[in-house]
Amino acid sequence: MASYILRRLFGLVPVLFGVTVLVFSIMHLSPGDPAKIILGPKATEASIAKLNTQLGLDQPLHTQYITWIGNVFQGDWGRSIQMKMEVLPLVAERFTATFILTLASIIIASVFGIGAGIISAYKKYSWLDRSMMFMVLIGFCLPVFWLGLLLQIVFGLNLDWLPISGMYSAGQDGFWDMIRHLILPAIALSAGAGAIIARMTRSSMVEVFSQDYIRTARSKGLKEKNVVLIHALKNAFIPVLTVIGMQIGFLLAGAVLVEMVFAWPGIGTLMVNGILARDFPLVQGVILFVATTYVAINLLIDILYAIFDPRISYK
Amino acid sequence: MEPVIQNQEIPSIKPKQKAKQGPWGMAWKVFKKDKAAVAGLILLAIMMVAMALAPFLPFADPNEVDLTNRLKPVGTEGHVLGTDHLGRDMLSRIIYGGRVSIIVGIIAVTIALVIGSALGLIAGYFRNFYDTVIMRFMDILMAFPYVLLAIAIIAALGPGLMNTMIAVSIVGIPYYARIVRGSTLSFREMEFVLAERALGAGHLHIIFHHILPNCLPPIIVAVSLDVGWMILAAAGMSFLGLGAQPPLAEWGVMLSEGQEFIRVAPHVSLLPGFAIFLVVLALNLVGDGLRDALDPKSK
């Protein structure tokens, strides 16, 4: 197991190198002089030259990359041009809000997805299965930003049950206040992931239900509840767990759309505002942060997979 | 002697019927039986015809501003789906917006398909060095969550509809490269390809005449599901302000513009969102039907 983990870690080196090169290139792939883009059309030659020196853009590309990556490893992710702040603390602070939103969404998606998947598989080909799978298809096709608006209109404006924007009410910072603000965005974000988890749970459970040991469990007189939840679900769970892990990574990035609808102060809104203001250091920081988190989550899932599923050989 | 004659007659009828149908005919037969897929196809066809013929149909000008008729609700005389904050006809903007979204989806998928398939064919057919280089690069692209990769590319190229199209198509490239590489790897070792090679056929001939046609079924399924995803992604980017820009009638832009007025006129943002949902749903129904028809193993 230790050697497997080590090999996976080494395998990450080229991927992470590629990721950093791509993130580094963002500023250099831009058509035109980045300093000119940042400073706008009214910039003087002198101010452009000054910013070029400040950002190190007058150095050869490989020198720029080495300096940049060296700084990244030392925790110096540059300064946001627009917000005049260090990028790393800014990203880390905003990441908390995105992380809370993602976590809440994945919990909702898992509970409903696994529940719907189990019921569908248990009642395979019945009207209940068909209607649930149709709901899943709808969840899969719904534009997340549209679902967000729909929830805002119904539960925020018409029924006036929940707040429709921000993370806290003005002048408050209590836990329950945050939860009230979290419910609608978390539901909106969870629809797509819930649909994928439900599909995976259903297909995995259908396969398990056809196995001999399930028939044995039933024939020895176990309660149906125990057969389904203990014998079947336990064995069907590994592929579901993989999908849930993958979805956490997708939701971290996909949260940007929901954050924009609900004015949730996460890294998504930070990134979009950064792009519109051509704040390259900030945008690079956010993208690098999310991409590395995503790679780390995928690594963790692979390792968990290896721990939980002894049937698979990792040689 | 009689039984022998009977045995000869029976097989002589069956193969003839099968030969007439061919693999595509058989796939169509399976597809036709899937009611949901046929419903999706009909829905898609109606929308495509309306969008294609929009300039010839009596729709209002989608960009005609009429400030005296702002935010009219659905069912208003002369404006079946109401008007937006500038008094522009919603029905017409949704139809014209659909043209933009669907064209973006189709072009983006085409770019991803052509480049991804070419890379997959090269990697799978020539293997070794080409395979390693191409697939490691694809691994790097796939190390990003797809929304983040699209946003990163737009961050580099700058916001705009064209750049959004390029961004979502680049995101799609690794998926096609993987699908085609997988199929190519298995087909290149099959007897019919080995026989062609033994007969002295060139690489290009083998790739285009024998390997590519066999990769088509999984590609078709991926395309039908991907057009929907790319429409959704492009509309999402426009919604964020990174894609198409106002005053262009595009579903993401319309949704974003309407967001300001959800208290007084929710239809302005809800209708374009519903249109996106319908198209993506129709494409998914067709895609699922195609998958069952073209790849019976996946059932």
Which atoms of [X] come close to chain B, meaning under 4.5 Å heavy atom to heavy atom: side chain ones, backbone ones, both, or neither?
X: A:Leu257; answer: both
X: A:Leu142; answer: both
X: A:Pro14; answer: backbone

Interface moiety of B:Ala36 toward chain A, non-hydrogen atoms closer than 4.5 Å:
neither

Examine whether an atom of B:Leu283 lies under 4.5 Å from a heavy atom of chain A, and if so say whether it belongs to the side chain, the backbone or both; otherwise answer neither.
neither

Spell out the residues in residues 166-174 of chain B that have some non-hydrogen atom less than 4.5 Å away from a non-hydrogen atom of chain A, in order of number; otherwise answer 'none'.
none

Looking at B:Val147, B:Ile262, B:Ile154, which makes the most heavy-atom pairs under 4.5 Å with chain A?
B:Ile262

Donor-acceptor pairs under 3.5 Å, chain B versus chain A:
residue: B:Ala155; atom: O; partner: A:Arg278; partner atom: NH1; Å: 3.4
residue: B:Ala156; atom: O; partner: A:Ser30; partner atom: OG; Å: 3.0
residue: B:Gln259; atom: NE2; partner: A:Val261; partner atom: O; Å: 3.4
residue: B:Leu270; atom: O; partner: A:Trp146; partner atom: NE1; Å: 2.8

Among [options], which residue forms the greatest number of heavy-atom pairs with chain B at distances under 4.5 Å?
options: A:Val272, A:Val144, A:Leu252; result: A:Val272
options: A:Val283, A:Val286, A:Ile138; result: A:Ile138
options: A:Val23, A:Ile287, A:Val15, A:Val295; result: A:Ile287

Listed partners of A:Phe145 passing ring-ring contact (aromatic ring centres under 6.0 Å, His included), at least two apart
B:Phe239

Just jot down the ring-ring contact (aromatic ring centres under 6.0 Å, His included) partners of A:Phe262, sequence neighbours excluded, or say none.
none

Would you call B:Arg127 and B:Asp131 a salt bridge, taking side-chain N to carboxylate O under 4.0 Å as the test?
no

